[in-house]
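These notes concern the structure reproduced below.
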Amino acid sequence: MEASAPTANHIQPEPPEWQPRAIWVGGRLLCGAISFFFASFLFAYFYLRALDLSHKWTIGVVQPDGGIGLAVAALFLFSAVIYRLAARRPAGDSMAAGMIAVLMGVAAVVLQFVEYTVLDFGASQGGYAAVFFGWTATYAIVALMGLYWIEVQVASLWRVRREGKMRETEVPTSESALLLAGIEASSFYWAFFVAIGVLAYILLYLVA
């Protein structure tokens, strides 16, 4: 692990709690960034639906598969709940939950793209269809980034279990503290990200 600041005998090292705190703050900042990103789809949804001057919110029969949509939302939700609950326990207890979260998340992404193959409408069939395809496809792709973060934590825990020891770091913080901070931050972000997906499911499948 690379040091976050230059080290030398004449330079006072940073406090050991700074690195875990930086990871904690970084996870929350990422939640803020992702909120602004998906707010564009939320704005498009309400704007196009409210300002439907040409009466083209939907063109023809536009009805997504409710069963697949529910399955996708459920897989994401269960993965977030399992991983977030495990994050509150010692780091070693989070590896299995992280693996389950990754597998369920990947299954949800695959199922989302499978849904596109059975839909009988396209993105050009009105404002709703455009928002549906844009929001769900982007959400599935961005989900892979969050799953990669979780996978990194799982791989780190697996490596520690395989070697049976923690490695030395180039910062005053122990690897154990960094792992715990990474698991907490990634689980918080993933729970927040999945909450956005639940909102999307409600609007795109139930309200629309």
Side-chain angles (χ1 to χ4, degrees), residues 1-2 4 14-15 17-47 69-70 72-91 93-112 131-157 171 173 175-207:
M1 297 183 181
E2 296 182 356
S4 61
E14 65 182 26
E17 66 272 11
W18 279 15
Q19 279 281 9
R21 184 65 177 176
I23 296 174
W24 186 95
V25 172
R28 273 64 181 177
L29 290 175
L30 189 57
C31 290
I34 213 72
S35 297
F36 279 101
F37 179 80
F38 284 103
S40 61
F41 293 101
L42 188 64
F43 173 80
Y45 177 91
F46 286 109
Y47 179 81
L70 179 61
V72 171
L75 283 170
F76 276 127
L77 184 60
F78 288 142
S79 71
V81 170
I82 290 172
Y83 187 50
R84 184 59 180 167
L85 290 177
R88 299 177 179 273
R89 305 175 65 184
D93 296 336
S94 302
M95 189 172 73
M99 294 175 63
I100 294 172
V102 170
L103 291 176
M104 296 182 75
V106 170
V109 171
V110 172
L111 193 58
Q112 178 61 74
V131 173
F132 176 85
F133 276 92
W135 195 339
T136 55
T138 305
Y139 185 87
I141 294 172
V142 176
L144 294 176
M145 303 178 188
L147 291 171
Y148 174 75
W149 191 7
I150 299 174
E151 190 277 333
V152 169
Q153 310 310 311
V154 172
S156 298
L157 291 173
V171 294
T173 310
E175 185 182 30
S176 176
L178 294 177
L179 281 174
L180 287 173
I183 293 170
E184 197 285 330
S186 60
S187 67
F188 183 90
Y189 166 78
W190 187 241
F192 187 90
F193 179 81
V194 168
I196 295 176
V198 172
L199 174 62
Y201 170 75
I202 293 173
L203 292 178
L204 298 175
Y205 289 88
L206 302 182
V207 175

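Reckoned from all heavy atoms, side chains included, excluding hydrogens, waters and symmetry mates.
Geometric assessment of Arg21 against the ring of Trp18 yields a negative cation-pi assignment under the 6.0 Å and 45° thresholds.
The minimum heavy-atom distance linking Gly105 with Leu147 is given by the pair C-CD1, 3.5 Å. Of all heavy-atom pairs spanning Phe192 and Cys31, the tightest one is CE2-O, 3.4 Å. Scanning all heavy atoms of the two residues, the minimum distance from Ser156 to Leu179 falls at CB-CD2, 3.3 Å. The shortest heavy-atom contact between Ala143 and Trp190 is O-CZ3, 3.6 Å. Between Val109 and Ala140, the shortest heavy-atom contact is CG2-O, 3.7 Å. In this structure, Ala185 and Gly27 approach most closely via the heavy-atom pair CB-CA, 4.3 Å.
Taking 4.5 Å as the limit, some side-chain heavy atom of Val131 sits within range of a side-chain heavy atom of Leu204. Side chains of Leu203 and Leu42 form a contact here, defined as non-hydrogen atoms less than 4.5 Å apart. Using a 4.5 Å cut-off on side-chain heavy atoms (C-beta onward), Pro20 and Leu180 make no contact. In this structure, the side chains of Val102 and Tyr83 stay at 4.5 Å or more apart for every pair of heavy atoms. Counting heavy atoms from C-beta outward, Thr138 and Phe37 have side chains that approach closer than 4.5 Å.
Ring geometry for Tyr189 versus Trp149: interplanar angle of 30 to 60°, hence tilted.
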So Phe38 and Val142, side-chain contact (heavy atoms from CB on, under 4.5 Å) or not? Walk me through it. CA-CA 10 Å; Phe38 284 103; Val142 176; 4.3 Å; yes
Please report the C-alpha distance between Leu157 and Ser94 in whole Å, then the side-chain angles of each, then the deciding distance to 0.1 Å, and finally whether the side-chain contact (heavy atoms from CB on, under 4.5 Å) criterion is met. CA-CA 8 Å; Leu157 291 173; Ser94 302; 4.1 Å; yes
Let's go through Met104 and Ile82 carefully: what are the C-alpha distance in whole Å and the side-chain angles of both, what is the deciding distance for side-chain contact (heavy atoms from CB on, under 4.5 Å) to 0.1 Å, and is it a yes or a no? CA-CA 10 Å; Met104 296 182 75; Ile82 290 172; 4.1 Å; yes
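Interatomic distance, CH2 of Trp135 versus CD1 of Ile196, reported as 8.5 Å (0.5 Å rounding). Annotation: the span from Leu103 atom CG to Glu151 atom CD amounts to 10.5 Å, rounded to 0.5 Å. To the nearest 0.5 Å, atoms CD1 (Ile141) and OG1 (Thr136) are separated by 9.5 Å. If you take CE on Met145 and CD1 on Ile150, they are separated by 14.0 Å, rounding to the nearest 0.5 Å.
Exactly one of Phe41, Tyr201, Phe193 qualifies for a ring pair (Phe, Tyr, Trp, His ring centres under 6.0 Å) with Tyr139. That residue is Phe193. Shown are Gln153, Arg88, Arg84; of these, the side-chain hydrogen bond (donor to acceptor under 3.5 Å, both in side chains) with Ser187 is made only by Arg84.
Looking at Arg28 and Glu184, a side-chain N of the basic residue comes within less than 4.0 Å of a carboxylate O on the acidic one, giving a salt bridge.
Heavy-atom contacts from other residues, nucleotides or ligands closer than 6.0 Å to CZ of Phe78 number 12 or fewer. The 12-atom threshold is not exceeded at OH of Tyr47, counting heavy atoms of other residues, nucleotides or ligands nearer than 6.0 Å.
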